Amino acid sequence: MSVQRWNRRELIQAAGGLAVAGLAGRAFAQKPLTAGFIYVGARDDYGYNQSHADAVALVKKMPGLKVVEEENVPETNAVQKTMQGMIAQDGATLLFPTSYGYFDPHILALAPKNPGVRFAHCGGLWTAGKHPTNVGSFFGYIDEAQYLNGVVAAFATKSRKLGFVAAKPIPQVLRNINAFTLGARSVHPDITTTVIFTGDWSMPVKEAEATNSLADQGVDVFTMHVDGPKVIVETAAKRGKFVCGYHASQAKLAPQAYLTGAEWNWIVPYKQIIDAAQAGKPHPNFVRGGLKEGFVKSSAYGPAVSEAARKQAETVRAAMLADKFDIFKGELKDNTGKVVIPAGTVHKQTDMALEGMNYLVDGVIGKV
Amino acid sequence: MATPRNWHASAEAVILPVLALAAALLLFGVFCWFGGQSPGEVWTLLFRGAFGDAFSWQNTLQRAAPLMLTALAVALPAQAGLTVIGGEGALVLGALGCAALPYVMPVPGGVLGSALVLAAGALLAALWVALAGVLRQWRRVNETISSLLLGYIAIALFKHCVEGPMRDPASLNKPSTRPLDEALRIGPIAPDSFLGDVHWGLAIGIALCLLFGAWLSLTAQGFSLRVVGGNARTARLVGLPTDRLVVLACALGGACAGLAGAIEVAAVQTSANASVIAGMGYTGILVSFVARHNPWAIPPVAILFGGFAAAGSLLQRRLGLPDASVLVLQGFAFVCILGAEALRGRLFPLLTTRPAFTLIKPGAGGKAIA
Amino acid sequence: MMTSDAWITLLLAIVGGAVRVGTPFLFVSLGECLTEKSGRINLGLEGVLVLAAMAGFAGSYLTGVWWLGVLLAGVSGALLALLHGLLCSLPRVSDIATGIALMLLGTGLAFYLGKPLIQPQAAQIPALPLGAWSASPQVQSALAVNALFPIGVALAALLHWGFANTRPGLVVRMAGDSSDAARALGYSVNGVRIAATTAGGFIAGMGGASLSLYYPGSWNEGLSSGQGLIAVALVIFARWRPWRCLGAALLFGGAGAIGPALQSVGISGGYYLFSAVPYALTLAILVATSSPRGALRGAPAELGVSR
């Protein structure tokens, strides 16, 4: 834009804009925030850790923010030392320890000793009165996206057998298995999901073996809850089966076999927490959200997803976004025949009872 | 009277490892240089991260504490001539035993209670590793392999118990045993001093290393053990109860690793869960070999390796190096130290002897005479 | 409780798993067999396995040709094993300590250099559809054998024949059984052992390639869970005979497939215990076949592990 083109109005506007930016710049310059991110595994695992790393890459672009990261930090004393190091050596005042196991005892041990530092733990269950106020936990209701995975899977399966490769039978995982199955059964009530637990969050050979075993059984659509879904996606694709992704989009790995996926969108809760820190507002202690709040999202549909599947999934999604849809409501029986949600009861996503889920719904083949 | 050779041996014991470490650091610097980093920065950060300030020291000591015990788990059987590498499994069983004791009997609070739960863990682990010793003495099963296999089996048993029969129903997304009573836990040694939150495990580790070192060097039983380790046949000829000594060494080693696991539960995790499986057993193997299986040398070596790990954290945060760089550094250090072993006994002759004067007879095809 | 269908499924899973999971064990144990026959033990094969897996993946990813990846895997395995051989030939250096050192170094280098390889996909080793005659997809998948497996079987045959009938085989065995005899014949014992260790590393490296280029077919840091070390155990209970290494590898691979297979037919209690089956089985067989009397029969006399 050459000088002659500027007229007086634009000049004043520009001056005003510069002044505001200058003020804001000075305000930010007074408080450059250092945020530390801690991963339990490798950052580029096409899975859980990567979902965080992708969001961190976006955070790095935010103004007034410095980022330090450390990966492969085990859930031992080492993470306490890492956090202390970030506080003492890097001047971090906002920490994001992203693995569930960091909460108790590690964050709880450090938080009282560092009252000026905010801890934002992913997945934890912060409880008022029990836990310090400079600690908070955030998580997303990714089971909503798994429900949609199930809906899409139901249209794609010919054998009516779905497979779920999971790490451990903990509530967050069981919730996903159940949501996936309920979603599939909402289309075809006779669909079954066979679950195999590998025992740990990252066991590539076991995951491949589990996928092959399930494929041998006639399962033709897979999904999973492990830290790194890459192996399962590739193995399923090699057997000519379909797969729904998890954590992040694995569509690039198997473009024809990938139906859709349940992905995290951590940048949304990150931003909430960082904005609160930068503005000096109190640390949000319990941050939860689902599809509606943008905490989770679905991957784009793959080429094998039929028109009917898309329509059905979008209808359900719209209902979820309008808060008119409940996944866990009575009467719900588990796969041993016991009634786990009595008729007439509805569990909203925020309901604490869901955080302690310990059953597998009817239609799931497997034991907790 | 200190003969020249005695003096040489002691000097070598210090100079060789130092030389080896220097070589390893050099190699690591070159390695990082190939990766586009400045070696100077890397070395500075390594030092700062390990020994730079009070925080670094706390970090280093905290990481060194369990290593001392898991190294003893390798050193003690090694003194009896065995190579036992199942420390990880023993550690895990120690953690299980510690967490399990309150399940089977009421434990009084205070120091006595802590001692009881630690002893429970140590006992369980001792029995497990002693099994490897028994298999070796009575069935000639190679103890390296059997201890390794037993280690894997122990880890599987641990996971099964922690997530199954012994699981605390309130431990939702992190399956654990019921948390240890507050009264049984182990706290920091001197919370207000420069030691910060370093817990009593460090003191226990150092004390046991000193104790076992003294046992091996100064008592008859320790001496007998070393004879068995030096030459089993001679030991048998002399009438030493080799089988019993071997199994004892394995049991003691296992007890140390189990103690490390129990301390992890009592001081850090407060309950037994999968976070206990963090490779401390394997690093202990490394520490013991570098210390040449001498319990007195284990504490400084453990502190060195603790320092590496502590520095690795800083390397990641400042230079963006992958965490595997610590593994590479440890690997270089180990390889260099082993290479330096070859110089043992030859360092001083090499340095002080003049190269033989080679007389080349003209016309003799260049053959050297001297 | 279990229908006959379920039993057949289980059996097929074990057969399929035996080959799938057993291939890396086969190569590593054959490589270790060669090394140990010459009188040296190489515990660093775990590091070799991981480093070669990474190198193989890198090779295949960069060139797009799977067998170049396999070659690169073999070469990197040979290089690491060469380092082991050279270090061990220095006086007063323990085989076992060096092995552990190289295990660490190999693993560290592999993780460090392999960071950029976690995400991409590389050209995979093709599968030979030996089950194409069957209409059942289960049989087909169980018998879809990776192209390296027949090479492994051929290697076992080659080693078996070579040890018994060729001069190099004899020299290797001499170095392992009696270093004095070898020296008397003018062979450098160290030289023979270094060569055997290096060749063993090459073979083991190919096993690494089968991990990252076939099953599971991608590179990440959890790829090996002690397979290299287990392979050393397999060599001992195969009594240093190449054909038995094949059997041991298949047995171990099959045992590892039991857990997931049982879960897939609905029997899901105690899956951790099932994952311990291969190790417990190996230990049991080791104990059963060890003789309390003297050294292990068939062990190369110079091997540190049998003394």
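For the numbers below, each heavy atom of this structure counts, side chains included, while hydrogens, waters and symmetry mates do not. In what follows, chains are A, B, ... by sequence order, proteins preceding strands, each numbered from 1. This structure is a prediction, so every number in the text was calculated from the model and none was measured.
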A.B. asks: Please state whether the side chain, the backbone, both or neither of B:Ala274 comes within less than 4.5 Å of a heavy atom of chain A.
C.D. replies: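 The side chain, not the backbone.
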A.B. asks: Does B:Arg48 CZ have over 12 foreign heavy atoms under 6.0 Å away?
C.D. replies: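 No, the 6.0 Å shell around CZ holds no more than 12 heavy atoms from other groups.
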A.B. asks: If I compare all heavy atoms of A:Pro105 with all of B:Lys174, which pair ends up nearest, and what's the gap?
C.D. replies: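 Minimum heavy-atom separation between A:Pro105 and B:Lys174: CD-NZ, 4.5 Å.
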A.B. asks: Answer with side chain, backbone, both or neither: which region of A:Met86 has an atom nearer than 4.5 Å to a non-hydrogen atom of chain B?
C.D. replies: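 Both parts, backbone and side chain.
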A.B. asks: Which value, rounded to the nearest 0.5 Å, describes the distance between A:Ile38 atom CD1 and B:Ser313 atom OG?
C.D. replies: 8.5 Å
A.B. asks: Is it true that, when you exclude B:Trp43 itself, more than 12 heavy atoms of the residues, nucleotides or ligands shown sit nearer than 6.0 Å to its CH2?
C.D. replies: yes
A.B. asks: Heavy-atom distances under 4.5 Å only: say whether A:Asp200 touches chain B with side chain, backbone, both or neither.
C.D. replies: side chain
A.B. asks: What part of A:Ala78 gets within 4.5 angstrom of chain B, counting heavy atoms only: side chain, backbone, both, or neither?
C.D. replies: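 Both backbone and side chain of A:Ala78 come within 4.5 Å of chain B.
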A.B. asks: Under a 4.5 Å heavy-atom cutoff, which of B:Gln316, B:Lys159, B:Met280 has the most pairs with chain A?
C.D. replies: B:Gln316
A.B. asks: Restricting to non-hydrogen atoms, name the atom on A:Glu69 and the atom on B:Arg317 that form the minimum distance, rounded to 0.1 Å.
C.D. replies: O-CG, 3.6 Å
A.B. asks: Does the pair B:Glu163 and A:Lys168 meet the rule for a salt bridge (Lys or Arg N to Asp or Glu O under 4.0 Å), with working shown?
C.D. replies: CA-CA 9 Å; B:Glu163 299 196 14; A:Lys168 292 188 203 231; 2.6 Å; yes
A.B. asks: Can you measure from OG (B:Ser275) to OH (A:Tyr102) and round to the nearest 0.5 angstrom?
C.D. replies: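 B:Ser275 OG to A:Tyr102 OH: 9.5 Å, rounded to 0.5 Å.
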A.B. asks: Find the distance between CZ (B:Arg63) and CG (A:Asn77) and round it off to the nearest 0.5 Å.
C.D. replies: 8.5 Å
A.B. asks: Among B:Gln62, B:Glu264, B:Gln58, single out the residue with the greatest number of heavy-atom pairs under 4.5 Å to chain A.
C.D. replies: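 Between B:Gln62, B:Glu264, B:Gln58, the count favours B:Gln62.
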A.B. asks: Against chain A, label B:Ile277 side chain, backbone, both or neither, depending on which of its atoms sit under 4.5 Å from a heavy atom there.
C.D. replies: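 The answer is neither part of B:Ile277.
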A.B. asks: Only one of A:Gln89, A:Lys81, A:Gln84 passes side-chain contact (heavy atoms from CB on, under 4.5 Å) with B:Asn59; say which it is.
C.D. replies: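 Of all the options given, the one that passes is A:Lys81.
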A.B. asks: For the CG atom of B:Leu314 and the CG atom of A:Asp90, what is their distance to the nearest 0.5 Å?
C.D. replies: 7.0 Å
